[in-house]
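First the proteins, then the strands, lettered A, B, ... as listed; each starts at 1. Bear in mind that the values here come from a model prediction, so they are computed numbers and not experimental data.
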2 protein chains.
Amino acid sequence: MKNLEGKAATIRDVARLSGVSVGTVSRSLNAPDTVRPDTLGKVRAAIKTLGFQPDARAQTMRRRTTMTVGFVIDDIANPWHASCFKAVDTEMRAHGYSLYLMSTNGRASQEAAAIDMLQHGRADGVILTLNNEQDSRTIARLKELRIPSVLLDRELPLEIDAVLTDHATGLRQATNYLIGLGHRRIAIITAGSDIRPGRERVRGFVEAFEQSGLPAPKDLIRSQSLSVDFGFREASALLQMHERPTAIIAAGNRILVGVLRAIQQQNVSIPRDLSLIACDRSDVALLYPGPITLIDRAVEEIGRTAAQLLLERLTGQSSRPAQRITFPTHLILGGSCLPAR
Amino acid sequence: MKNLEGKAATIRDVARLSGVSVGTVSRSLNAPDTVRPDTLGKVRAAIKTLGFQPDARAQTMRRRTTMTVGFVIDDIANPWHASCFKAVDTEMRAHGYSLYLMSTNGRASQEAAAIDMLQHGRADGVILTLNNEQDSRTIARLKELRIPSVLLDRELPLEIDAVLTDHATGLRQATNYLIGLGHRRIAIITAGSDIRPGRERVRGFVEAFEQSGLPAPKDLIRSQSLSVDFGFREASALLQMHERPTAIIAAGNRILVGVLRAIQQQNVSIPRDLSLIACDRSDVALLYPGPITLIDRAVEEIGRTAAQLLLERLTGQSSRPAQRITFPTHLILGGSCLPAR
DNA sequence: CACCGGAATAGAAACGTTTCCAACGTAGGC
DNA sequence: GCCTACGTTGGAAACGTTTCTATTCCGGTG
């Protein structure tokens, strides 16, 4: 609806039409119990005939709050991230917030740019997964950040809330399971040591061997990146080794896609020729001719928790110390592993 | 950086420190060529020492523009949507815009809510894919919408830009291909007639039979929803029919997941027992023990085009009539089809 | 009947920027 | 040397809300 000049009606138009002051109209909207019923009626009638809706820009300006939160990730085409986003979105939306989604495509520069963008009144908070825990630009910006933030699966020497996963235990269990099946040449392909999941997964992997009194197969640890390409490249190389691994742990859901591509290309049969364990459920992991044994975790809960941590800072006056919440993993047996021959 | 009161520096602080007026500071930022070099120097020095950054809330208020666009879809966990989002995001970000991502989870009420949310100064434009082209609430809101919008793969009797796909031709080609392989009992599982892809795909499917002078197998047309569950349910039913189809076209990438689940459960072998054609590339379609023959389309280009259409309205003064741009499909042969026995 | 207290309201300031208009100074042309 | 024109600047209005303070109005009480 428009006023006489053809522009959207403002609170002033409502005030004029209902014969009250702008202050009263504002209170009618935001604190209706402080305004007399008959006045409220007049105001509401005017609002209805004018089709008035408060202007979000002006509210943001005056209230100093945008009701918007940034969600910064590598790549939304990663199904784990997509699920996580959904969980965060559901929780935040229930509290009136909307989400900016920013894909950084694995580039630290875009990460820094995203944080810059979100500052200075564009968002009230951020939830983010860094590509790299060492990038100085990003860390510097995070330290100066004037809005609350939550890290997803990352660890920084800063006072920032974080939601983590106990990857080490997950990998230890998975590796133990394979060792129990008689496997010794077990390979792991995962992220580099520059992010927590990479470090923790390798740690769990090595610990499992140590606890069994076996030497960890150092030549089969491929820890560098979570990308499809890295998974493909390393799996291809592993499968062509002289003393080929009898099992591969594809620790990362994009890595899994690359690994499966290599497996397909080299005509390897799962689980006959090779046992396989994946991380995180995805269409591919659940379907690949038979469900793949995988290290699962509760994405929805993780996302919801991150949102709740942020909401505590956003809505509450709570300025508690930074909190780290760690979620467990669960080994889900599929059909992709057989005893070693 | 903060001013004396511990709050972020404003343009006024900069003006005071550099000894010029706020107007001049503003022009130094937005039209530096209209301010004398020495003045510019003083202002820039002040900006640097104060660490001043303009407040986005105030800019939004004054400029009447948010540099934000809404992207409304069903489900970001759908890989096609995720890819499309990325393309749109890349293009929009290059022009300074950020994206609100709103998942509607297939509910028309959330669709309407999303549009409401985006109005009245929260976004400058919208790109959206509706769950249903008939929902009156959504249509009413779209008609009243005061910001430009672009529809993705949907058709409405409104003056709205749209980016479409020539699904009919794609389906015709795919169906012809199967007919050429000797298949007659060909099933199609796809969206309902309430959205364009559903209508067009069924149309192309039927036309292929007509052109070959064959009767279209009406009992094998399952047109209702794009969900995984629908794909699973219909594929399960089709596979248990007395006169089972010899080929299935899973026309929708979520449908494909459901179909593959049913195939797995009933121990059907592709392509030996059943030929299969999918729509849109996805990890699953490319990997499923061997790439599946699929009807492809250029997601990135589609997303980019949608973004460009919106940008024309956003930046330009162009108020051209609504435009519809249609993209072709391409049949990509995989290994999931064999001649009918 | 005057006064008091509380609830309801009017009015204005404030949020931080952009932009418009007027004023100023300087250089160039006559 | 004066007038004009232009480039540069200062100052103020404006964007549409929320919120604070002051005022009004009412009923009830002394």
Atom pairs under 3.5 Å: protein N/O with N/O of nucleotides 14-17 of chain D:
unit_1 : atom_1 : unit_2 : atom_2 : d
D/dA14 : N3     : B/R62  : NH1    : 2.7
D/dT17 : OP1    : A/D55  : N      : 3.3
D/dT17 : OP2    : A/I11  : N      : 2.7

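Rounding to whole angstrom units, CZ of residue B/R16 and P of D/dG11 are separated by 13 Å. Regarding B/R57, its CZ atom lies at a distance of 15 Å from the P atom of D/dT18, rounded to whole Å. Going from atom CZ of B/R27 over to atom P of C/dC21 covers 15 Å, rounded to whole Å. As rounded to whole Å, 14 Å separates atom C1' of C/dG6 from atom CZ of A/R36. The interatomic distance linking A/D38 (CG) with C/dA7 (C1') rounds to 13 Å, in whole Å.
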Enumerate donor-acceptor pairs with a distance under 3.5 Å from any side-chain N or O in residues 113-120 of chain A to protein atoms, sequence neighbours excluded.
unit_1 : atom_1 : unit_2 : atom_2 : d
A/D116 : OD1    : A/R141 : NE     : 2.8
A/D116 : OD2    : A/R141 : NE     : 3.0
A/D116 : OD2    : A/R141 : NH2    : 3.1

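Under the side-chain contact (heavy atoms from CB on, under 4.5 Å) criterion, A/Q110 pairs with A/T104, A/N105, A/R107, sequence neighbours left out. Partners of A/T60 under the side-chain hydrogen bond (donor to acceptor under 3.5 Å, both in side chains) rule, at least two apart in sequence or in another chain, do not exist in this structure. Every residue two or more places apart in sequence or in another chain that forms a side-chain hydrogen bond (donor to acceptor under 3.5 Å, both in side chains) with A/T68 is listed here: B/Y100.
If you check the side chains of A/D124 and A/T66, you find a donor sitting under 3.5 Å from an acceptor. Counted by atom type alone, B/R154 and B/N132 present zero donor-acceptor pairs between their side chains at under 3.5 Å.
For D/dG10, the OP1/OP2 oxygens have a side-chain nitrogen or oxygen of B/T24 closer than 4.0 Å. An OP1 or OP2 oxygen of D/dT9 is reached within less than 4.0 angstrom by no side-chain nitrogen or oxygen of B/S21.
Backbone-only engagement by B/T39 is indicated by non-hydrogen atom pairs under 4.0 Å involving sugar-phosphate atoms exclusively.
Salt bridge status for B/D89 with B/K86: absent, with no side-chain N to carboxylate O gap under 4.0 Å.
Between A/V163 and A/L151 the shortest side-chain heavy-atom distance does not fall below 4.5 Å.
Closest approach of B/A8 to B/D13, counting heavy atoms only: O-OD2, 4.3 Å.
Across the helix from C/dC1-D/dG30 to C/dC30-D/dG1, the helix axis at one end is tilted relative to the axis at the other end by 70° (nearest 10 degrees, each axis from five pairs).
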